[in-house]
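Computed over heavy atoms, backbone and side chain alike; hydrogens, waters and symmetry mates excluded. So you know, we letter chains A, B, ... as the sequences are listed, proteins then strands, and number each from 1.
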Amino acid sequence: MTDDATSMEPLVPKLSLKDVTLSYEGNGRRQTVLEDLSFEVRTGEFVSLIGSSGCGKSTTLSLISGLNMPDSGAVSIDGLPVCGPGKDRSVVFQHYALFPWMKARRNVEFGIRQVSSATKRDITAKANYYLARVGLEGKESLYPHQLSGGMQQRVSIARALAMETEILLMDEPFGAVDAKTRTVLQDLLLELLEEQHRKRTVVFVTHDIDEAILLSDRILFINNRHVAKEVPVPFAHPKSRRDIVFAPVYRELRKEVFDLFYDDEGEYYGAGI
Amino acid sequence: MARAFRRRVTRGEARSRRAPQQGQPGQPGRAAQKGQPGPPGRAAQKGRPGQPLRQGPHLLAWLSQVSLVRFLPQVAIVCLILLLWALATGNTGGSFLLPAPAAVVEVMAKDFLKIGESILASGVLMAISFVLAVTIGVFLGMLCGRLARLKGALLPIARALAPVPSLIYAPYAVALMGDFFVTAVFVITLGLFWPVLFNTVSAIEAMSEELDNTARTLNLSARSSFVHVMLPHCLPYLFNTLSVQVSNAFLLLVGAEMMGMTAGVGWYVKYWADYSNFTKVFAGIIVIAVIVFVSNIALEKIRDKVLAWK
């Protein structure tokens, strides 16, 4: 964390979840997914939510995106309550949620058009720019089914970035691509965020410890339906994989986060799933 | 897939459409210098020469490729049927119930004005009915897909009404609207409407949660959601329905044209069957078969064009 990031901190956090509780009706009985979950995210901060499968991290993200409403508690952005999806947030899902009937460029343009009233030409230019930035130059006129899984996810990222929303929500965006592509896409995301001077506030869901350390400023471990542990990641911006992976503190951080997944008896939290 | 690739723009065109690099957030200059981590296949693709666009209609090439090769089995079967037919009638000139092919062709040539008029009349009737059924069915189906309450109220009733043959309503339609053409349109439209409605509803139900969530997080207006998400999503289902319903539509056509019409392929067959002129009945049947065949191909062509993204 740089010093001015803390000193410039406004009174109202960019994003705040306070005592959020959510339960589902499943198999005839009510199942509580989240209980008294609270955390705040500062402007420009990158926060990762980690935890074992089914711990409610994706559900938490769906509350922030406005796809779900909490039973009680409050989700607010800039101090105002969230009451549905909004133009201030864009979401990247694990499974390439592109519209198959739109070419790559159209998919990005369509996203931009929902949040901007720019002219058609400017929108096209912006779509082309972001597609080029995610390494898809020359592939703008292909349909999603003509692209590989990794490329489709690049388009999703390009769309979310091109919308230039203040908040970016990512639900295991690299969970469905192969290991090599994942590394490339992680570096790409890091580079793009640094390039834009960390203007965007990001909430990122993952279960990959290395990914969380590489990308985030803070890691929130979700267990027992709430934030069980908060781990700050003390790397200065601009970050790069090389700086982080070879830093001495990386191993300690990795162990700290790794141990979170095991209880006092050394039993893995997600073992029953 | 291969077809779609062939249709791709040339590399040159793609390059000229590249975004201007100024006025963008971030540092575009740096972006341009920095080597992008690209997928492995990218470097290899870059050096590939531009693929030319499909040039001109190439009508002859198309005819020789598509018509002959593609329809060879069909042509063979039709020839076989004709041969059997000719053998069955021999050189007797055919019988009362089974006229000789030559006699049928002769009738077709003699009666070509009435047949032409009939084709035109039936075509207009079919076109209007298809457009109406598709428009109303898809719109209502998407509405039901979006509004659970409307679906709950409407669909059980629709399912109960759908099995009633639409021809049964014909007398009431004539009494109400007083026009035979409108009645014919009504009968065919209604018959097509049910399958289109039900299939659109199930298309919306089959929409993946991911796609729905994406549409929701993009904060689409109702109109945008209908036009840009739900409608294109329903199109493959619609084309499936229509290709099945083409033959159903012609069954309805014959029934619909029985009432008060003076031209139409269905009317033609029915009219001459009533007069036991089976030569003309045969001519009409052949005309209908050809129309159905051509309609199916046209529908396929339109589908391939509209569903290029599949």
Practice item. May I ask you to check whether over 12 heavy atoms, not counting those of B:Glu209, lie within 6.0 Å of atom CD? Key: no
Exercise for review: Decide side chain to side chain contact (heavy atoms under 4.5 Å, CB included) for B:Leu307 and A:Trp101; before the verdict, give the C-alpha distance in whole Å, the side-chain angles of both, and the deciding distance to 0.1 Å.
Suggested key: CA-CA 8 Å; B:Leu307 300 184; A:Trp101 46 86; over 6 Å; no
Practice item. Give the member of B:Asn219, B:Leu211, B:Leu235, B:Leu218 that has the highest number of heavy-atom pairs under 4.5 Å with chain A. Key: B:Asn219
Point to revise | Minimum heavy-atom distance between B:Trp309 and A:Pro100, given as atom pair plus value | key: CB-O, 3.2 Å
**Study point:** Under 3.5 Å donor-acceptor, B:Arg216 side chain and A:Leu67 backbone
**Key:** yes
Check your understanding: Does B:Phe226 CZ have over 12 foreign heavy atoms under 6.0 Å away?
Key -> yes
Exercise for review: Below 4.5 Å from any heavy atom of chain B, which atoms of A:Arg106 appear? Answer side chain, backbone, both or neither.
Suggested key: side chain
Practice item. Heavy-atom distances under 4.5 Å only: say whether A:Arg159 touches chain B with side chain, backbone, both or neither. Key: side chain
Review point. Hey, would you say the A:Phe99 and B:His228 ring centroids sit under 6.0 Å apart?
Key: no
Practice item. Measure the OG1-CD distance between B:Thr217 and A:Gln114 for me, rounded to the nearest 0.5 Å. Key: 10.5 Å
